[in-house]
Amino acid sequence: MTENEPLHFHYDVDGNNFTSAGEASVQVKRMLRQMGFHPDLIRRISVAMYEGEINMVIHAKGGDADVYVTPECITVVLKDVGPGIKDVNLAMQEGYSTAPDNIRSLGFGAGMGLPNMKRYSDELKIDSVVGVGTTIEMKFLPA
Amino acid sequence: MIVYKHSVSLDADKCKGCTTCLRRCPTQAIRIRDGKACINPNLCIDCGECIRHCPYKAKKADFDQWDSLDRSKFLIALPAPSLFGQFANLDDTDYLLQGLMDLGFNDIFEIAKAAELVTDYTRAYMQRMGDAQAPFISTACPVVVRLISLRFPTLRNKMVPVAPPIELAGKLAKERALKEHPDLKPEDVRTVFISPCPAKVSWVKNTPADKECYVDYVVSMSDVYFRLLSKMDRKKTPKVTSESGAIGMSWPSSGGEASALMNDHYLAADGVENIIRVLDDIEMGHFPDLKFVEMNACPGGCVGGVMTVENPYIARVRIRSLQRYMPIVQNRISLQEGEPIPREILTVEPGEYSSAELLNADRAQSFRMMSEIERIWKLLPGMDCGSCGAPTCRAHAEDVVRGESSLDDCVIRMREQLKALQKEDGKGEES
Ligand SMILES: Nc1ncnc2c1ncn2[C@@H]1O[C@H](COP(=O)(O)OP(=O)(O)O)[C@@H](O)[C@H]1O
Ligand code: SF4
Ligand SMILES: [Mg+2]
């Protein structure tokens, strides 16, 4: 890699293993600590990424998480080939959720995932096509 | 930077370099170098897991030795409540307390007594703070405090600042002795904590320079256990009586401290790996309704401390049957509604945060190192076999990049390279 090329980390988010959801964000957290990013920034990234990871597991049967790191910007790309989001504006509303009851009984599906991803990232792009899949890109800028 | 003083160390003569501790260390602080285990002081949290698992007893904790107690002083025993779960046929805690007196202590101040006060103060603290910062995390286990300081900087403001029972017990014990014996001078009074774990030794050692430490000696529970066994006498009526209630006695079992708060929204986790998982989840905001988090490094709580003698589950049952005949609480604080908690009670401060895992202080350099780690990691077999001296292939890649070991320390990779060479040689001969 050259100096200006971002570091790239890839994770498979396993849609069949509910209990492993959130593992990628924990690994990213450690890596960012090793590189000396500020704890508050790391927390924003890990919370937002965790929410995205969970969404891929509960709504889209898993997907890919890619993290690109430069000193100026951390980009998290979450890509799945799940059912897609019908109405993104609606999905972004606090409390909106289509999660089934069994997921809710586990404490997920409060409808705060996407709003939190927006709140904790500096930039959020959602690209979703029904029946094709969803790609979410979040950017985080060190203060 | 303040240097953390440890209590767990290696007896190199006994160490066989077997890799057991390497695999067991929950913070990956151990490496095998030149056939011996080495502990990285920046990552070690003094949990004692290596002591627990070393088959050669090569890991040790520096407790004060029984014979080193200065008998010319007024010695006060501070028995941890887990001690009461160590003995079969103990149906009344007073027999154990009398046994301590017969061992030569001048006074006793039960940790469980102080724990009841800590419970009250914690409840008051949570009330005054409201829910905005919840969940609040217990700071009674020193391993947890160190772990949060090292790895969870954003959770530091959730730590309950109330002094842990050991500190409050030491303080109150000394105050009481000086009051009851006006002839004693402060330097004549010495407190002796009877500890289930090395972590409490570290707690004492790391008292900030500007703070008074109220605990003078920390002796190991297993050491005292054998001495007490021969002293405890069921035929003699004890002259001392327990000053603790069932609430204080519930602390050493996981969940006891939390349930004592009478708040249903709590979580109790035990075992370092579980704790790390829970802290990760809390950091990600995963538990919405939680008010209090109790954490104990040891499996089952302090009854599972490395220096205990009895199986933690048995100890727990014994303590439960002792509790049945104890008053619910014997110690309460008297704070008026809204009255602030005295400053001298709120003493816990998280250690200074500096990422122990940081690759390099220079950002650009740590980036180069990270990319090198990724490259090397992909060259390794991914077996996490430990024969290179690092607990995982990832850790080995990091060590190589930090310049602490060599890629060639991976025997699996060496063997594969050798095989490839032999194959090539073979081909050469054929043609
Ligand atoms: N990756 C995804 N694929 C399909 N639908 C999604 C995805 N992520 C979010 N959604 C939809 O958006 C809704 C809101 O998401 P979120 O705010 O995270 O709430 P929750 O996950 O608690 O339901 C979800 O209930 C779901 O209908
Ligand atoms: S759980 Fe208890 S015995 Fe174990 S390290 Fe923490 S304080 Fe010590
Ligand atoms: Mg969600």
Side-chain angles (χ1 to χ4, degrees), chain A residues 1-10 19-54 67-74 95 104 106-113 115-117 119-120 142, chain B residues 27-28 42-43 148-158 265 267 273-274 276-290 350 352-378 392 394-395 397-399 401-402:
Chain A
M1 94 158 203
T2 63
E3 276 303 283
N4 303 319
E5 216 176 290
L7 283 169
H8 173 213
F9 305 96
H10 174 82
T19 52
S20 74
E23 271 174 14
S25 10
V26 168
Q27 285 179 41
V28 167
K29 187 157 84 168
R30 171 154 191 271
M31 219 95 72
L32 295 174
R33 276 199 308 250
Q34 286 182 312
M35 290 190 273
F37 285 100
H38 193 278
D40 293 335
L41 176 73
I42 298 177
R43 171 150 198 275
R44 285 203 286 132
I45 296 169
S46 58
V47 172
M49 180 167 169
Y50 175 84
E51 291 287 5
E53 234 188 291
I54 296 281
V67 181
Y68 303 88
V69 185
T70 70
E72 296 77 34
C73 180
I74 291 103
R104 283 170 199 265
L106 289 168
F108 296 95
M112 289 304 294
N116 274 338
M117 287 157 78
R119 182 148 67 104
Y120 287 116
Chain B
T27 60
Q28 301 201 339
N42 297 326
L43 296 176
I148 293 177
S149 302
L150 285 183
R151 296 212 352 205
F152 297 94
T154 64
L155 298 181
R156 298 188 326 154
N157 63 353
K158 298 191 185 299
H265 302 272
L267 173 158
E273 262 145 30
N274 297 329
I276 293 177
R277 285 215 326 254
V278 169
L279 289 172
D280 270 323
D281 277 352
I282 296 176
E283 197 165 49
M284 312 228 198
H286 186 63
F287 301 106
D289 280 336
L290 216 50
E352 203 181 333
Y353 174 68
S354 61
S355 171
E357 297 147 313
L358 188 63
L359 291 170
N360 197 284
D362 175 54
R363 180 70 55 85
Q365 179 60 14
S366 59
F367 265 71
R368 277 191 290 275
M369 289 170 78
M370 184 58 83
S371 118
E372 193 55 11
I373 290 170
E374 288 284 306
R375 187 183 72 81
I376 291 178
W377 183 40
K378 286 180 185 125
T392 61
R394 177 81 193 183
E398 290 175 14
D399 290 352
V401 173
R402 286 181 199 265

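The analysis underlying the following values was restricted to heavy atoms, covering all of them including side chains, and did not include hydrogens, waters or symmetry mates. Please read all numbers here as calculations on a predicted model, not as lab measurements. Reminder, nothing fancy here: chain letters follow the sequence lines and each chain counts from 1.
Contacts between D289(B) and chain A at a heavy-atom distance below 4.5 Å are absent for every atom of the residue. Of the atoms belonging to F37(A), heavy atoms from both backbone and side chain fall under 4.5 Å from chain B. In this structure, chain B has heavy atoms under 4.5 Å from both the backbone and the side chain of M31(A). When heavy atoms are compared at a cutoff of 4.5 Å, Q365(B) does not approach chain A at all. For R156(B), no part lies near chain A; criterion is any non-hydrogen pair under 4.5 Å.
A cation-pi arrangement is absent between R43(A) and F152(B), since the terminal nitrogen or guanidinium carbon is not both under 6.0 Å from the aromatic centre and inside a 45° cone about the axis.
Separating the CD atom in E374(B) from the NE2 atom in H10(A) is a distance of 12.0 Å, to the nearest 0.5 Å. Once rounded to the nearest 0.5 Å, the distance linking CD of E283(B) with OH of Y50(A) reads 12.5 Å.
Nearest heavy atom pair, residue Y353(B) against residue P39(A), reads CE2-CG, 3.5 Å. F367(B) approaches L7(A) most closely through the heavy-atom pair CD2-CD1, 3.7 Å.
With chain A as the partner, the residue from M369(B), E398(B), R375(B) showing the most heavy-atom pairs under 4.5 Å is E398(B). Among N116(A), V69(A), D40(A), the residue with the largest count of heavy-atom pairs under 4.5 Å with chain B is V69(A).
Looking at K29(A) and D280(B), their side chains come closer than 4.5 Å, going by heavy atoms from C-beta outward. Between R151(B) and R33(A) the shortest side-chain heavy-atom distance falls below 4.5 Å. Side-chain contact between Q34(A) and S366(B) is absent, with no heavy atoms from C-beta onward closer than 4.5 Å.
Looking only at distances, a side-chain donor or acceptor of R363(B) sits under 3.5 Å from a matching main-chain atom of M35(A).
A salt bridge does not link E5(A) with R368(B): none of the charged nitrogens is closer than 4.0 Å to a carboxylate oxygen.
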